[in-house]
Trainee: 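Have a look at this one before I ask anything.
These values consider heavy atoms only, across backbone and side chains, with no hydrogens, waters or symmetry-generated copies. Proteins get letters first, then strands, A, B, ... in listed order; numbering begins at 1 in each.
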There are 2 protein chains.
Amino acid sequence: MDTLETRELRYFIAVADELHFGRAAERLGIAQPPLSRAIQQLERRLGVTLLDRDRRGVSLTGAGEVLLQEGRAALDATTAAVRRTRRAGGADGPGDHRDRLVLAVKAGAFHELLDKLLDAYAAEPGAAEIEVLPSGTCEQEEMLRDGRADVALMHTPFNSLAGFESVELMTERQVAILPARHPLAAREMLSLAEISDVPDLPLARWARHGTYPPGPGPEVHDQTQLAQLIALGRTMTVFPESARTWLWDEHAAVPLSDAPLVSTHIAWPAHSRSRALAGLVRTASRL
Amino acid sequence: MDTLETRELRYFIAVADELHFGRAAERLGIAQPPLSRAIQQLERRLGVTLLDRDRRGVSLTGAGEVLLQEGRAALDATTAAVRRTRRAGGADGPGDHRDRLVLAVKAGAFHELLDKLLDAYAAEPGAAEIEVLPSGTCEQEEMLRDGRADVALMHTPFNSLAGFESVELMTERQVAILPARHPLAAREMLSLAEISDVPDLPLARWARHGTYPPGPGPEVHDQTQLAQLIALGRTMTVFPESARTWLWDEHAAVPLSDAPLVSTHIAWPAHSRSRALAGLVRTASRL
DNA sequence: GCCGTGTGATACCCGAGAGGTATCACAGCG
DNA sequence: CGCTGTGATACCTCTCGGGTATCACACGGC
């Protein structure tokens, strides 16, 4: 028996997340006893203790940590399989098979490149239909992994390309975006050190999976909000140079001498082999 | 219901492989009717036709192709989860948790580098135990994917690094290895064109997943066999330069001017985060 | 035309096992 | 010492995965 049912995996992950059988069972929509039993069976079949239950709570063993990690990846892979299969079969009237790709892009970023890409690809013969899926900050990896997207535009060093295939499309410097009437806006060039602790201009903090990094700056979760706060002289931020296209009159962009370069890549799951995807990548790398 | 049980996935993959319900059922060790029913249920739940059954055999629809592809990846991921969990828990006596890594290496290749790596790593404080797993030609990717190995030494362009994280360890030229007494052995340099159709020295063909590429040369499946055939003046082959360490007196190695460079990488699944693995990679990249 | 043959689908039955409820065992705590 | 909150156990139910027997249908040979 080296089989591991998806259901068991879901159960284990719920327990490992909650570290509490009752809450995990509730989250799964079942009662607690069957869940306890299922986990025991799983441990027996694997021949491994996954959880230490010592009154006062549950904790993961080393093997449990491994299964949580690997199991998450496996579960993502199966939900991805379901999603992509459904998408492939949706419009699958025989004969009328129109390919469709879902492209994940960080919401509001890189309009210019995206426009060019979509136009160029649409002009290709036999181009598939591209659905652009706006994603939250740094959520593209997750979307590729769980099948909500087929391909994504990612930005190093913010996104990690680990586990995907990718082609680099462009590289650019970063600029500080600050209120036009602030003294620093007159500078030709700034360094990270110079902007990291300006008392009246704390760096804005972006939402990431619903939580915000610590710091003094205001919490923002979309670009418009951020633009407004900058225009009001309340905050500043750092962006890739191409952000210049959406700046307001009240904004100023000053190049940063020592900020890491930002590269834009088109990335896709390593095992993808679809014709439509190959075409899109080819188009992108010719831009 | 967007769930997909591992069992259903196994069943579908068997049918998609065999394109025949009877044989697939036999391979799965169940009877044919339950298999038919399971696939029907699967199609109904996904809301997608996966197979075209038109008397005279079964064929995959577009959606079926996608599920085959994605499902294989998902199934590999779950068997990997099981294998790695079992490994992590095997010696998991509480308190005596000794890490263990399985390193896949192409059998017989790169002894020199491997020796150095293992020695250097063993000297590290808190080093895990490394089990070296000899793998067939170009089988390392598969072993990483299905969890038989945790980390691998790979050789581009023969292995694909797609889907893994990796660090390059060395790059080298390739050499033609031929009988010392053959006229070509006296040359300073050779080109691929010159060696590709020498009538009395056809290139040897390596087994790959049990099958051999077509061609006139002899079929070999291990290095000793190959060495012997070359010594006998019956064949020749192309190898990375570091192969020089195992050459016999009867062999000659002549650099190739236009063969692709071979890079050795240490590679691991992108989601791995173990301390032991990080240590091994750090050691390797310092060599 | 008709009848064997091979295919997948259908009908029906049975038993394992997933899930429910009630309860236990035990650690902490006032 | 009982109360509370935790996971484990006991036991019941009934779904559903799997088996056997059979059907429906397309082919090929005659």
Side-chain angles (χ1 to χ4, degrees), chain A residues 1-61 63-64 67-68 71 75 78 82 94, chain B residues 1-61 63-64 67-68 71 75 78 82 94:
Chain A
M1 305 296 191
D2 49 33
T3 182
L4 175 59
E5 288 306 315
T6 308
R7 183 178 44 80
E8 305 180 280
L9 213 44
R10 272 194 350 256
Y11 287 7
F12 172 73
I13 290 177
V15 175
D17 275 350
E18 304 280 348
L19 291 178
H20 189 291
F21 280 76
R23 281 196 300 275
E26 191 183 2
R27 183 172 123 184
L28 292 165
I30 66 172
Q32 169 258 319
L35 178 57
S36 284
R37 221 183 22 194
I39 302 289
Q40 287 173 40
Q41 274 179 25
L42 178 58
E43 289 180 310
R44 215 170 328 124
R45 282 231 317 272
L46 293 180
V48 157
T49 339
L50 299 169
L51 299 164
D52 280 330
R53 300 94 153 152
D54 52 357
R55 298 280 166 214
R56 148 89 89 266
V58 179
S59 62
L60 286 172
T61 65
L67 184 59
L68 180 57
L75 206 50
T78 71
V82 172
Chain B
M1 303 295 191
D2 48 33
T3 182
L4 174 59
E5 289 305 315
T6 308
R7 182 179 43 81
E8 305 179 280
L9 213 43
R10 271 193 352 254
Y11 286 7
F12 172 73
I13 290 177
V15 175
D17 275 350
E18 303 282 348
L19 291 179
H20 189 289
F21 279 77
R23 280 195 300 275
E26 191 183 3
R27 183 172 122 185
L28 292 166
I30 64 172
Q32 170 259 318
L35 179 57
S36 286
R37 219 182 24 191
I39 302 288
Q40 287 172 41
Q41 275 178 26
L42 178 59
E43 288 180 310
R44 215 168 330 121
R45 283 229 318 272
L46 292 180
V48 156
T49 345
L50 299 169
L51 299 164
D52 281 329
R53 300 95 154 151
D54 52 356
R55 300 276 168 219
R56 150 87 91 264
V58 178
S59 62
L60 285 172
T61 64
L67 184 58
L68 180 57
L75 206 50
T78 72
V82 172

Trainee: From the set D/dA10, D/dG18, C/dG8, return the single nucleotide nearest to any side-chain atom of B/Arg37.
Mentor: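 Looking only at side-chain atoms, B/Arg37 lies closest to D/dG18.
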Trainee: B/Phe21 has a side chain; which of C/dG20, C/dT21, C/dG8 sits nearest to it?
Mentor: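 Looking only at side-chain atoms, B/Phe21 lies closest to C/dG8.
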Trainee: Would you state whether a donor and an acceptor, one from the side chain of A/Gln32 and one from the base of D/dA8, lie under 3.5 Å apart?
Mentor: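 Indeed, a donor on one side and an acceptor on the other fall under 3.5 Å apart.
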Trainee: In whole angstrom, what separates B/Glu26's CD from D/dG18's P?
Mentor: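 Nearest whole value for this atom pair: 17 Å.
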Trainee: Can you spot which of B/Asp17, B/Leu46, B/Leu67 makes a side chain to side chain contact (heavy atoms under 4.5 Å, CB included) with B/Phe12?
Mentor: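 Considering B/Asp17, B/Leu46, B/Leu67, a side chain to side chain contact (heavy atoms under 4.5 Å, CB included) with B/Phe12 is found only for B/Leu67.
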Trainee: Just verifying a value: how many Å separate A/Ile30 CD1 and A/Arg7 CZ, rounded to the nearest 0.5 Å?
Mentor: 8.5 Å
Trainee: Tell me if the CD atom of B/Glu26 is crowded by more than 12 foreign heavy atoms within 6.0 Å.
Mentor: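 No.
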Trainee: Would you say a side-chain N or O of B/His20 is under 4.0 Å from OP1 or OP2 of C/dG8?
Mentor: yes
Trainee: OP1 or OP2 of C/dA9 less than 4.0 angstrom from a side-chain nitrogen or oxygen of B/Arg53, does that happen here?
Mentor: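 So the side chain of B/Arg53 is within the cut-off, an N or O lying under 4.0 Å from OP1 or OP2 of C/dA9.
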Trainee: Measure CG/B/Leu35 against C1'/D/dG19 and give the value in whole Å, please.
Mentor: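 For the pair B/Leu35 CG and D/dG19 C1', the rounded distance is 13 Å.
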Trainee: Provide, to the nearest angstrom, the distance between the CG atom belonging to A/Leu51 and the P atom belonging to D/dT6.
Mentor: 16 Å
Trainee: Out of C/dA22, D/dT20, D/dG7, which nucleotide sits closest to the side chain of A/Pro33?
Mentor: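 Taking heavy atoms from C-beta onward, the closest nucleotide is C/dA22.
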Trainee: Round to the nearest Å and state the distance from B/Asp52 atom CG to D/dA26 atom P.
Mentor: 16 Å
Trainee: A/Gln40 CD to D/dG7 C1': how many Å, rounded?
Mentor: 9 Å
Trainee: What is the minimum heavy-atom distance between A/Leu50 and A/Glu43, and which atoms define it?
Mentor: N-OE2, 2.7 Å
Trainee: Rounding to an integer number of Å, can you tell me how far B/Arg7 CZ sits from C/dA18 P?
Mentor: 11 Å
Trainee: Using OP1 and OP2 only, check whether a side-chain N or O of B/Gln41 sits under 4.0 Å from D/dC16.
Mentor: no
Trainee: Expressed in angstrom and rounded to an integer, what is the separation of A/Leu28 atom CG from D/dG7 atom P?
Mentor: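 Distance check: A/Leu28 CG to D/dG7 P gives 13 Å.
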Trainee: Please tell me which of the listed nucleotides, D/dG17, C/dG8, C/dT21, lies nearest to the side chain of A/Ala31?
Mentor: C/dT21
Trainee: For B/Ser36 and C/dA9, is the shortest distance between a side-chain N/O and OP1 or OP2 below 4.0 Å?
Mentor: yes
Trainee: Less than 4.5 Å apart, any side-chain heavy atom of B/Glu18 and any of B/Val58?
Mentor: no
Trainee: Could you check how far CD1 of A/Ile39 sits from P of D/dG7, rounded to whole Å?
Mentor: 11 Å
